[in-house]
Amino acid sequence: MLSKEDNELITRVGPGTPMGNLMREYWLPAMLSSELPKPGSPPVRVMLLGEKLIGFRDGENKVGLLADACPHRGASLFFGRNDECGLRCVYHGWQFDTAGRCIDMPNEPEEGDFKDRVKATAYPCQERGGVVWTYMGSRATPPPLPDHEGNMAENSHETVRAVQLDCNWLQILEGDIDTTHVGFLHYGGLKAEDQPPGSFSEWQLRDKKAQFEVIDTEGGAAYGARRA
């Protein structure tokens, strides 16, 4: 169920898959901060919503996310040199900062202003809790970062990890919210008495039935599964 605001966003964004357009209008986890461990570290390939992108951390510790292809001749910026202020294409040396601005064009006359008219596709990034988030939508002012518990504290004891799954995102979402399959599929060879007392795992094994409650919200629907 989509809210009125979401439907308006889909209409405004234009052609494309409705769900893909909607997802662009909110912050998305792009990569782990640990994949770019220090300023000037090698760039990484990122695939988001069908787009080939390059993530990098510049000399000032700012993270950028640029289109893979240099806007000049299409060379992959994955092979670019991560200089102090931005990513430099290895083909002709054009350098782009985290906002996609061309800040150096060594193969053009110094008196020219062509570099001021060139810009690479770039998406804004923010870091929190070990995750690099990006906004790929059309709003001039992105919405606030999601205040999920795991990404609220900068020095949280929580850890984050990335896993690649060979399936459609809707399939894994459906699996994640299906609480009753866990006790049979994932805990099939385990016994309740062997689990830490009072833990989620113990109750999943002791009571494989669940009472479901569903509510409508302004942003869609939410549900919970309750056990005795």
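By convention here, the first residue in the shown sequence is residue 1. Reckoned from all heavy atoms, side chains included, excluding hydrogens, waters and symmetry mates.
A side-chain donor-acceptor contact under 3.5 Å links Asn82 to the backbone of Ser41. Distance alone, capped at 3.5 Å, places no donor-acceptor pair between the Thr121 side chain and the Leu66 backbone. The main-chain N or O of Pro37 is never found under 3.5 Å from a side-chain atom of Ser34 such that the two would form a donor-acceptor pair. Panel note: side chain Arg57, backbone Pro39; no donor-acceptor pair is recorded below 3.5 Å. A donor-acceptor pair under 3.5 Å is formed between the side chain of Asp58 and the backbone N or O of Asn61. For Gln95 (side chain) and Asp104 (main-chain N/O), no donor-acceptor pair under 3.5 Å exists by modelled atom type. The backbone N or O of Leu170 lies less than 3.5 Å from no partner atom in the side chain of Glu174, so there is not a single donor-acceptor pair.
Contact record, Asp216 with Ala221: OD1-CB, 4.2 Å, taken as the closest heavy-atom pair. For the pair Ser76 and Asp68, the tightest heavy-atom approach, listed with the atom from each and the gap, is OG-OD1, 2.9 Å. Residues Trp27 and Pro146 share a closest heavy-atom pair of CB-CD, 3.9 Å. Summarising the geometry of Thr180 relative to Phe212, their closest heavy-atom pair is CG2-CZ, 3.5 Å, with the distance given to 0.1 Å. Summarising the geometry of Glu35 relative to Leu32, their closest heavy-atom pair is OE2-N, 2.8 Å, with the distance given to 0.1 Å. The two atoms that bring Gly86 and Ile103 nearest to each other are N-CD1, 4.5 Å, heavy atoms only.
Counting non-hydrogen atoms of neighbouring residues, nucleotides and ligands closer than 6.0 angstrom, the CZ atom of Arg227 exceeds 12 such neighbours. Counting heavy atoms of neighbouring residues, nucleotides and ligands inside a 6.0 Å radius, atom NZ of Lys52 does not exceed 12 of them. The 12-atom threshold is not exceeded at CD of Glu84, counting heavy atoms of other residues, nucleotides or ligands nearer than 6.0 Å.
The CD atom of Glu108 sits 11.5 Å away from the CD atom of Glu110 when rounded to the nearest 0.5 Å. A distance of 10.5 Å separates OH in Tyr91 from SG in Cys70, rounded to the nearest 0.5 Å. Note: Arg24 CZ to Arg139 CZ = 14.0 Å, rounded to the nearest 0.5 Å. How far CG of Leu48 is from CD of Glu51: 8.0 Å, rounded to the nearest 0.5 Å. Distance check: Phe79 CZ to Ile54 CD1 gives 8.5 Å after rounding to the nearest 0.5 Å. The CG atom of Asp97 sits 13.0 Å away from atom CG of Asp83, with the distance rounded to the nearest 0.5 Å.
By the criterion of side-chain heavy atoms lying less than 4.5 angstrom apart, applied directly or through intervening Ile, Leu, Val, Met, Phe, Trp or Tyr residues, Met23 is grouped together with Met136 in one hydrophobic cluster. The hydrophobic cluster containing Leu36 does not contain Phe78, counting ILVMFWY residues as joined when their side-chain heavy atoms lie under 4.5 angstrom apart, directly or transitively. Residues Val163 and Val160 do not share a hydrophobic cluster, defined by chaining ILVMFWY side chains whose heavy atoms lie under 4.5 Å apart. Cluster annotation: Tyr123 and Phe96 are assigned to distinct hydrophobic clusters (Ile/Leu/Val/Met/Phe/Trp/Tyr, side-chain heavy-atom contacts under 4.5 Å, transitive). Cluster membership check: Met31 shares its hydrophobic cluster with Tyr26, using side-chain heavy-atom separations under 4.5 Å among Ile, Leu, Val, Met, Phe, Trp and Tyr.
The side-chain heavy atoms of Pro143 and Tyr135, taken from C-beta on, include a pair separated by under 4.5 Å. Counting only heavy atoms from C-beta outward, the side chains of Thr134 and Val46 never approach each other to under 4.5 Å. The closest side-chain heavy-atom distance from Met47 to Leu53 is not below 4.5 Å. Between Met105 and Asp116, every side-chain heavy-atom pair lies at or beyond the 4.5 Å cut-off. Under the 4.5 Å side-chain criterion, counting only non-hydrogen atoms from C-beta, His72 is not in contact with Cys102. The closest side-chain heavy-atom distance from Pro43 to Leu77 is not below 4.5 Å. When side chains are defined from C-beta on, Val90 counts as touching Arg81, because their heavy atoms get closer than 4.5 Å.
Using a cut-off of 4.0 Å between Lys/Arg side-chain N and Asp/Glu carboxylate O, Lys62 and Glu60 are scored as salt-bridged. Under a 4.0 Å N-O distance rule, the pair Asp207/Arg226 does not qualify as a salt bridge.
Side chains of Gln195 and Tyr187: no donor on one and acceptor on the other come within 3.5 Å.
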Full working for side-chain contact (heavy atoms from CB on, under 4.5 Å) between His186 and Gln204
CA-CA 10 Å; His186 301 293; Gln204 284 275 39; over 6 Å; no
